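Read through the structure below, which is laid out as structure tokens, and then see the notes.
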Amino acid sequence: MKPDLFEAPDYYNLDELLTDEHKLVRDAAREWVKRDVTPIIEDYAQKAEFPTQIIDGLAGIGAFGPYIPLEYGGAGLDQISYGLIMQEIERGDSGVRSTASVQSSLVMYPIFKYGNEAQRKKYLPKLASGEWMGCFGLTEPDYGSNPGGMVTNFKDMGDHYLLNGAKMWISNAPFAQVAVVWAKNEEGRIHGLIVERGMEGFSTPETHNKWSLRASATGELIFDNVKVPKENLLPNKSGLGAPLGCLDSARYGIAWGAIGAAMDCYDTALRYSKERIQFDKPIGQFQLQQKKLAEMITEITKAQLLAWRLGVLRNNGTATSAQISMAKRNNVDMALKIAREARQMLGGMGISGEFSIMRHMMNLESVITYEGTHDIHLLITGLDVTGLNAFK
Ligand code: TGC
Ligand code: FAD
């Protein structure tokens with residue numbers, strides 16, 4: 001891996017829209033990624049292993065529960081700071097951002113929002129410090145885009161619940177101590193349950209042979225007559241809207257994160273275009289390469305504006321789920337297209353682990369699929385503007 005010379009593009013002086021706190025938080029995350037993530041991440045991606053040694057650093061930059069109040073161990077920051085942290089982490093690697101997204105928005109958020117005070121006090125501080133890692137089980141082998149059809153279920157046995165079923169494609173599953181699991185009760189109503197490693201009948205086999213998000217651990221969650229204590233049910237919200245509410249928060253973070261991956265690809269291609277000589281000229285002097293770079297910086301700038309405005313709406317508490325879908329869809333697609341173009345600009349070197357581009361490109365194939373596929377988010381926008389539901 002080459003030295004990390006990353007310089008963040010800010011074509012429209014968007015820093016002027018940020019507060020001093022935003023910039024402080026962003027710069028701390030940027031420095032940490034340069035020091036502790038980019039020097040090692042290619043090796044971990046190559047060997048398909050999550051670098052557990054970065055967990056303390058992620059906690060240190062406030063990546064675990066950035067917007068969770070300080071009294072529960074969170075960083076007590078606003079939504080734009082949260083977005084900027086995700087952007088910087090994904091500049092390093094989407095898989096590392098996945099680990100942070102899941103911990104914050106899919107594990108800490110539901111415990112904070114739908115849990116009771118005892119659950120908040122028991123789990124949130126340990127999750128914020130990284131002492132415990134969490135995962136989120138919604139997707140099942142036969143229910144991905146349509147999670148409402150899930151078959152994982154629990155029965156009331158008087159003094160405990162009995163949980164049966166299986167989840168797949170679960171980020172952090174192989175090492176998580178805590179799983180927030182969505183399952184149906186006997187009336188078919190979806191509830192969240194906190195399942196802990198060590199409960200009898202609960203296992204988390206790892207998913208191997210991924211060509212994407214290789215530095216993130218993915219696995220299954222298997223529940224074979226797991227006895228879950230009654231106090232582990234999240235009491236304050238049920239129905240499909242409960243897990244989908246968590247996804248709103250995670251999808252928002254991804255809209256920012258994707259900008260980080262795109263910025264890294266653009267910055268790498270820009271630098272390469274000035275250094276690589278062909279036909280006695282830097283390749284950046286050829287109009288075809290300039291077109292690619294000009295389009296990349298235009299799309300990054302548009303995505304930055306979209307994410308910033310969405311952050312303002314989130315801070316005001318007025319962002320709709322459909323607005324979040326639009327930003328997730330647009331920004332991930334933008335990043336994936338930039339990664340593909342940037343890879344071509346590096347020629348043969350574009351496929352090498354000497355540079356980050358191919359890794360970003362492969363990672364983004366997962367990012368455009370998880371948290372709602374590109375198609376699903378388009379249909380959410382379609383429903384929002386027409387009032388006509390393509391899912392029913
Ligand atoms: P539908 O009938 O539309 O809605 C059911 C109930 O949910 C409410 N709702 C929402 N609530 C909060 N936030 C949202 N975004 C919401 N969207 C819908 C809705 O109002 C309704 O409430 P109520 O009270 O009337 O019951 O549901 P549907 O079955 O038609 O499905 C809609 C659809 C397709 C949009 C939804 O199911 C969907 O988003 N599917 C995509 C599934 C998905 O995103 N899975 C992600 C799994 S987690 C993951 O990928 C983590 S990767 C993490 C990482 O590594 O970073
Ligand atoms: P399907 O739902 O089977 O979709 C297949 C294709 O059909 C897609 O192109 C889709 O867009 C299309 N399609 C589906 N429905 C429609 C429709 N109505 N109209 C038009 N086209 C449609 N899940 C979790 O719960 N927790 C996690 O931590 C998690 N982490 C993940 C990590 C990775 C690396 C990956 C790859 C996935 C992860 N997921 C996780 C699962 C992810 O959310 C699902 O893969 C995703 O929601 C899509 O579901 P599916 O794979 O079953 O695809």
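Counting starts at 1 for both ligands and their atoms, in listed order. Bear in mind that the values here come from a model prediction, so they are computed numbers and not experimental data. All values below come from the heavy atoms of this structure, side chains included, with hydrogens, waters and symmetry mates left out.
Interface atoms of ligand 1 facing Gly241, defined by a heavy-atom separation under 4.0 Å, are 6 (C), 7 (O), 8 (C), 11 (N), 12 (C). Using a 4.0 Å cut-off to heavy atoms of Ser171, the atoms of ligand 1 that qualify are 54 (C), 55 (O). Against a heavy-atom cut-off of under 4.0 Å, Pro147 is close to the following atoms of ligand 1: 37 (O), 40 (N), 42 (C).
When hydrogens are left out, the protein atom nearest atom 49 (C) of ligand 1 is Glu371 N, 3.7 Å; that is the closest non-hydrogen contact. Here the heavy atom of the protein found nearest to atom 9 (N) of ligand 1 is Leu244 CD1, 3.7 Å. Protein heavy atom in closest approach to atom 45 (N) of ligand 1: Leu247 CD1, 3.9 Å. Looking from atom 40 (N) of ligand 1 to the surrounding protein, the closest heavy atom is Ser145 O, 2.9 Å. Of the protein's non-hydrogen atoms, Leu240 CD2, 3.6 Å is the one closest to atom 29 (O) of ligand 1. In terms of protein heavy-atom proximity, atom 14 (C) of ligand 1 is nearest to Ser321 OG, 3.3 Å.
A salt bridge between Lys302 and Glu299 is present, with a side-chain N of the basic residue lying under 4.0 Å from a carboxylate O of the acidic one.
Protein heavy atoms are found inside the 4.0 Å sphere centred on atom 55 (O) of ligand 1. Distance screen at 4.0 Å: atom 43 (C) of ligand 1 has a protein heavy-atom neighbour inside the cut-off.
Screening Val180, Leu124, Val178 against Met108 for a side chain to side chain contact (heavy atoms under 4.5 Å, CB included) leaves a single residue, Leu124. With Arg343 as the fixed residue, the side chain to side chain contact (heavy atoms under 4.5 Å, CB included) test singles out one of Thr268, Ile351, Ile338: Ile351.
Considering only residues two or more places apart in sequence or on other chains, Tyr109 meets the ring pair (Phe, Tyr, Trp, His ring centres under 6.0 Å) condition with none of them.
For Lys113, the NZ atom sits in a loose shell: 12 or fewer heavy atoms of surrounding residues, nucleotides or ligands are nearer than 6.0 Å. More than 12 heavy atoms of other residues, nucleotides or ligands shown are found within 6.0 angstrom of CZ on Phe391.
Contacts classified as side chain to side chain donor-acceptor pair (under 3.5 Å) and involving residues 163-180 (residues at least two apart or in different chains) are given here: Thr99-Asn172, Glu140-Lys167, Asn164-Asn225.
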Output side-chain donor-acceptor pairs under 3.5 Å for residues 72-79, partner residues at least two apart or in another chain, one line each.
from	atom 1	to	atom 2	distance (Å)
Tyr72	OH	Glu117	OE1	2.9
Tyr72	OH	Glu117	OE2	2.9
Asp78	OD1	His22	NE2	3.3
Asp78	OD1	Ile80	N	3.2
Asp78	OD1	Ser81	N	2.8
Asp78	OD1	Ser81	OG	3.2
Asp78	OD2	His22	NE2	2.9
Asp78	OD2	Asn315	ND2	3.1
Gln79	OE1	Arg314	NE	3.3
Gln79	OE1	Arg314	NH2	3.4

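For ligand 2, the protein residues placed under 4.0 Å by at least one non-hydrogen atom are Phe136, Leu138, Thr139, Gly144, Ser145, Trp169, Ile170, Ser171, Leu213, Ser366, Thr369, Tyr370, Glu371, Thr373, Asp375, Ile376, Leu379, Phe391.
Using bins of under 30°, 30° to 60° and over 60° for the plane-to-plane angle, the ring pair Phe202/Phe223 lands in the parallel bin.
Under a hydrophobic clustering in which Ile, Leu, Val, Met, Phe, Trp and Tyr are joined whenever their side-chain heavy atoms come within less than 4.5 Å, directly or via other members, Trp256 and Val96 fall into the same cluster.
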